[in-house]
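Order of appearance sets the numbers: ligands from 1, and atoms from 1 within every ligand.
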Amino acid sequence: MISSRLLGAPLRTRTLLGVARFSSSSSSHIASSLETYNLPKPKLFIDNEWVDAENSSTMPVHSPINGQVISELANASSKDVDLAVRSAKRCFDDLANGTGGWPGSPPADRALVLDNMASGLRSRMEEFSHVESLDCGKPLAESRADIEACASFFEYYADLISKGGFLTAERLPCPEDGVEGRLLREPVGVVGMITPWNFPLMQAVVKVAPALAAGCSMILKPSPLSSMTCLMMGDLARDAGAPPGALNIITGGPPGPTNDDGESCGVALGRHKGLDKMSFTGSGPTGTALLHEGANLLRPTGLELGGKGAMVILDDADMDTVVDWAMIGIFYCTGQVCSATSRVVIDESLADEFCDRLAKAVAERLVVGDPLDVRTNMGPMVSADQRDKVLAAVKEAEADDRCDPVLEEPSASIAESADAGGYYVAPQIFRCKRGADGTWPKAWTEEIFGPVLSIGTFSPGDVDEAVSITNDSPYGLGHTVFTGDEARASAVATRLRSGVVWTNINQALYPSTPFGGCKQSGFGREYGELGIEDFCHHKTVISAKPGFSWGWYGA
Ligand code: NAD
């Protein structure tokens with residue numbers, strides 16, 4: 001977010017390499033960051049106030065850097081969820097009450113709040129970035145890029161609703177004299193938002209910014225694995241002028257202990273009847289569960305789910321740049337990116353050279369270790385569970401004769417970081433091919449959500465085969481095509497079934513460019529004008545002048 005049939009193709013032999021050494025003690029970096037920056041208290045943000053969970057239940061927050069408990073989170077019960085939903089509903093009901101309130105306020109007033117949030121974020125850039133890195137293990141440079149992007153999202157939507165007049169009524173042509181039509185974009189209502197841990201603040205902001213711009217009120221529930229910066233957004237919103245109830249932030253599982261009532265915070269929010277819409281980003285199984293809840297209530301549900309993106313490299317691609325783009329596609333955020341290009345689909349004639357260059361680049365340029373050390377460009381996984389899932393997938397690939405590892409065993413640096421209790425994994429690259437029965441290995445077909453790249457080839461010059469291999473996936477989120485010929489790039493882009501296609505670039509997204517998936521990667525769009533449409537209720541108003549009549553029954 002800053003992303004062939006192999007039968008008969010010879011598998012490469014293993015390339016030996018190491019990654020740069022783990023450079024300094026993570027404990028000292030953590031200690032100094034914790035001394036400099038305050039982490040949020042284990043409270044819920046409801047009605048612009050910080051409150052305890054009703055049963056005072058909390059859960060520990062571990063830093064992925066060394067596994068240390070760095071803080072606690074409030075573990076919201078169903079009653080807390082209900083309080084948050086009621087707060088958002090009170091805020092939204094001002095519209096129907098005729099008092100206007102937040103949902104009925106002039107868009108320019110809401111734009112001011114969004115602009116204030118952007119300024120607040122920029123003025124606390126280092127604090128937000130350090131807390132993000134401590135909490136989810138991102139290298140500082142990535143956290144800074146995320147927080148900068150979050151500020152830009154607030155500004156983009158502020159700009160869209162003020163200067164662009166996006167929310168101004170649209171005239172609808174009506175073919176009858178004396179009759180006029182208008183399309184109004186009104187806020188959809190009270191929105192539940194459930195987000196994952198990989199881009200903690202950003203995944204929330206791409207929902208919160210357009211929803212606030214539209215005039216919605218909301219309840220945000222971030223992942224318990226990385227809720228810190230989302231909680232910090234509470235003060236940001238209140239200080240920016242958001243009224244009580246416009247943005248409520250609650251924390252809790254899953255994963256984590258359920259409450260006395262047996263429901264975790266996320267499940268209780270997903271089931272709450274007071275929501276007008278659910279907007280979810282995360283895994284397919286959770287998306288399916290929330291879609292079922294939404295179906296029972298006939299409530300719209302937006303889903304941004306997983307992916308198994310491909311980087312298609314045609315025979316005329318620029319080999320000097322593709323390696324860097326391939327690394328961004330799989331090592332950025334330690335591969336925990338829904339649109340990661342975790343498959344490389346490459347012309348067989350280039351495959352050996354590509355593997356050599358990639359292995360060399362990993363050895364020379366990938367620095368795995370403490371994310372608070374500025375030299376690091378790949379941090380740990382977010383949790384011990386996620387690390388173990390990735391290690392299990394790697395073990396399975398190593399045992400599969402359709403996969404051949406390109407890199408050596410985990411380097412000393414990874415072992416040292418792991419000894420420090422952090423959730424580190426080594427980068428892994430496999431050459432993959434179909435088996436005799438025509439099937440691909442799991443490393444090729446399933447989302448691993450870690451720094452594990454699978455490389456497969458297509459017959460020299462056979463673009464049809466490249467397209468067919470790429471599209472042969474249940475997912476459709478982000479693919480990219482590299483070729484020296486722009487017309488060829490566009491032609492391939494139109495044939496790929498995916499919500500986003502890049503050509504000669506990878507993972508680039510901007511506030512104005514819609515993002516979302518097709519197939520099992522979900523539906524609905526975030527970012528851009530489509531991103532705010534998802535939080536709008538479209539009302540058609542057809543009007544005639546007083547006294548107008550059809551005289552249908554002779555009046
Ligand atoms: P997850 O589905 O386990 O959790 C996401 C959120 O849902 C968390 O806040 C969690 O607490 C909550 N949750 C979990 N179970 C729930 C339930 N039954 N009811 C209500 N809430 C529940 O996903 P994750 O492990 O946090 O994230 C990884 C997955 O998310 C990957 O599959 C990845 O591809 C996907 N993802 C997609 C995008 C995208 O934009 N398409 C972005 C990031 C991550």
Return a yes/no value for [X]: is any of its N or O atoms, backbone included, closer than 3.5 angstrom to an N or O of ligand 1?
X	value
Q203	no
P224	no
P254	yes
K221	yes
T281	no
S521	no

Within 6.0 angstrom of R86 CZ, more than 12 heavy atoms from elsewhere: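 Counting neighbours around CZ of R86, 12 or fewer heavy atoms of other residues, nucleotides or ligands fall under 6.0 Å, so no.
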
Out of [options], whose heavy atom sits nearest [atom]?
atom	options	answer
atom 6 (C) of ligand 1	V382, T286, T195, V337	T195
atom 39 (C) of ligand 1	C338, G307, S227, S223	C338
atom 2 (O) of ligand 1	G282, S339, S283, A340	S283

Check whether NZ of the Lys or CZ of the Arg K138 lies under 6.0 Å from the centre of the six-membered ring of F199 and within 45 degrees of that ring's axis.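 Judged by the rule, K138 and F199 form a cation-pi pair.
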
Flag this pair as yes if the NZ/CZ of R402 is under 6.0 angstrom from the six-membered ring centre of W444 and inside a 45 degree cone about the axis; otherwise no.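 Here R402 fails the 6.0 Å and 45° test against W444.
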
Using a strict 4.0 Å cut-off to heavy atoms of [X], name the atoms of ligand 1 that fall inside it.
X	value
F280	2 (O), 5 (C), 6 (C), 7 (O)
I194	6 (C), 7 (O), 9 (O), 12 (C), 20 (C), 21 (N)
V267	17 (C), 18 (N), 19 (N), 20 (C)
F515	40 (O)
P196	26 (O), 27 (O), 43 (C), 44 (C)
P222	9 (O)
L477	41 (N)

Considering residues at least two apart in sequence or located in another chain, which fulfil the side-chain hydrogen bond (donor to acceptor under 3.5 Å, both in side chains) criterion with H272?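 H272 satisfies side-chain hydrogen bond (donor to acceptor under 3.5 Å, both in side chains) with D82 only.
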
Is there a donor-acceptor contact under 3.5 Å linking the side chains of [X] and [Y]?
X	Y	value
Q68	S63	no
S77	D80	yes
T281	K207	yes
S283	T286	yes
N248	S87	yes
T195	Q203	no

Any non-hydrogen atom of [X] lying under 4.0 Å from ligand 1?
X	answer
G522	no
F199	no
G270	no

For L225, which part has a heavy atom under 4.0 Å from ligand 1: side chain, backbone, both, or neither?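 No part of L225 is near ligand 1 at this cut-off.
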
Indicate, as side chain, backbone, both or neither, the part of E447 found under 4.0 angstrom from ligand 1 when only non-hydrogen atoms are considered. side chain

The side chain to side chain contact (heavy atoms under 4.5 Å, CB included) partners of A74 (sequence neighbours excluded) come to L44, A53, T251

P64 versus C136, closest heavy-atom pair with distance: CG-C, 3.4 Å

Ring geometry between F449 and W197 (parallel below 30°, tilted from 30 to 60°, perpendicular above 60°): perpendicular

